[in-house]
S.K.: 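Dropping a structure here in structure tokens format, bear with me for questions.
Below, chains carry the letters A, B, ... as their sequence lines are ordered, and counting in each starts from 1.
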Amino acid sequence: ETGVTQTPRHLVMGMTNKKSLKCEQHLGHNAMYWYKQSAKKPLELMFVYNFKEQTENNSVPSRFSPECPNSSHLFLHLHTLQPEDSALYLCASSQRRSVAGESEQFFGPGTRLTVL
Amino acid sequence: LAKTTQPISMDSYEGQEVNITCSHNNIATNDYITWYQQFPSQGPRFIIQGYKTKVTNEVASLFIPADRKSSTLSLPRVSLSDTAVYYCLVGSNNNAGNMLTFGGGTRLMVKP
């Protein structure tokens with residue numbers, strides 16, 4: 001138990017569906033992250049939020065829309081996804097935004113997403 | 001852009017010491033070196049972090065030479081439960097600002 005929870009743990013959706021992934025951290029951290037982990041690919045950073053403000057967008061397609069209503073919650077809204085978007089989506093948090101990797105990140109268990 | 005290079009996989013036996021080396025030739029002055037462990041279907045878990053020389057905690061040691069262009073994670077007396085993917089991570093800068101870069105990781109298989 002890392003103090004970071006994600007729901008749902010598994011999600012199957014069609015290409016025309018709209019769904020949302022939820023992440024919650026109980027650690028009092030100020031920074032939150034979304035990562036994508038595809039099979040046989042390195043972990044890819046998607047978005048970074050610091051004190052509810054988005055600070056990084058790693059050229060992620062607009063069919064992925066993040067939302068951070070407060071420092072404890074992070075959402076990833078999904079719409080018109082493609083089969084190649086099937087992956088494990090991981091949420092993480094850290095005490096402060098890691099500028100040079102100095103702030104330890106705590107990861108949630110991930111959401112296994114399958115797009116049909 | 002700081003990029004890391006690690007061996008794709010390593011095999012070991014229970015009770016042995018395992019050393020995994022990561023190359024990061026373009027590491028920036030302010031970058032830290034962090035190692036994470038990931039089991040299947042779980043998120044990565046922090047193992048150890050260092051900036052220079054040697055760092056040791058209850059699970060591992062991290063050796064960083066003076067030029068900081070590489071680092072070595074040392075796992076003493078591994079057990080079957082240490083079978084996992086190990087990621088070397090350094091901070092990096094790109095056009096979008098400061099971001100972290102995970103490499104491909106090293107898949108460690110510990111055998112009985």
S.K.: Check A:E104 against B:F46 and note the closest heavy-atom contact, atom names and distance.
M.R.: OE2-CB, 3.1 Å
S.K.: Quick one: closest heavy-atom pair of B:Y87 and A:Q37, and the distance?
M.R.: OH-NE2, 3.0 Å
S.K.: Crowded around B:Y13 OH? As in, over 12 foreign heavy atoms under 6.0 Å?
M.R.: no
S.K.: Which pair of heavy atoms, one from B:G43 and one from A:L90, lies closest together, and at what distance?
M.R.: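 Distance-wise, the nearest heavy atoms are CA-CD2, 3.6 Å.
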S.K.: Heavy-atom pairs under 4.5 Å with chain B are the metric here; pick the option from A:P109, A:G108, A:S59 that has the most.
M.R.: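 That would be A:P109.
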S.K.: Indicate if B:I33 and B:I47 have the same hydrophobic cluster label, given that clusters are the connected sets of ILVMFWY residues with side-chain heavy-atom separations under 4.5 angstrom.
M.R.: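 Looking at the clustering, B:I47 is in the same group as B:I33.
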S.K.: Quick check on the hydrophobic clustering: are B:I48 and B:F63 connected, directly or via other members, by side-chain heavy-atom contacts under 4.5 Å?
M.R.: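 Not linked; separate clusters.
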S.K.: If you look at every heavy atom in B:Q49 and A:S103, which pair is closest and at what distance?
M.R.: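 Smallest heavy-atom distance, with atoms named: NE2-N, 4.3 Å.
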S.K.: Are B:L80 and B:L75 linked, directly or through other ILVMFWY residues, by side chains that come within less than 4.5 angstrom of each other?
M.R.: yes
S.K.: Name the region of B:Y51, side chain, backbone, both or neither, that has any atom closer than 4.5 Å to a heavy atom of chain A.
M.R.: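 Contact with chain A involves no heavy atom of B:Y51 at all.
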S.K.: So, taking the atom named CD in A:Q105 and the one named OG1 in B:T34, what distance separates them when rounded to the nearest 0.5 Å?
M.R.: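 It is 8.5 Å, given to the nearest 0.5 Å.
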S.K.: With a 4.5 Å cut-off on side-chain heavy atoms, are B:Q38 and A:F107 touching?
M.R.: no
S.K.: Identify the two heavy atoms, one from B:S41 and one from A:R9, that lie closest to each other, and give their separation to 0.1 Å.
M.R.: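 That closest heavy-atom pairing would be O-NH2, 4.0 Å.
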S.K.: Any chain of hydrophobic side-chain contacts (each under 4.5 Å) joining A:W34 to A:V115?
M.R.: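 Linked within one cluster.
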S.K.: Check the hydrophobic clustering (I, L, V, M, F, W, Y; side-chain heavy atoms under 4.5 Å; chains of links allowed) and say if B:M10 and B:V110 are grouped together.
M.R.: yes
S.K.: When you look at CD1 of B:I8, are more than 12 heavy atoms from neighbouring residues, nucleotides or ligands closer to it than 6.0 Å?
M.R.: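 Incorrect, the count does not exceed 12.
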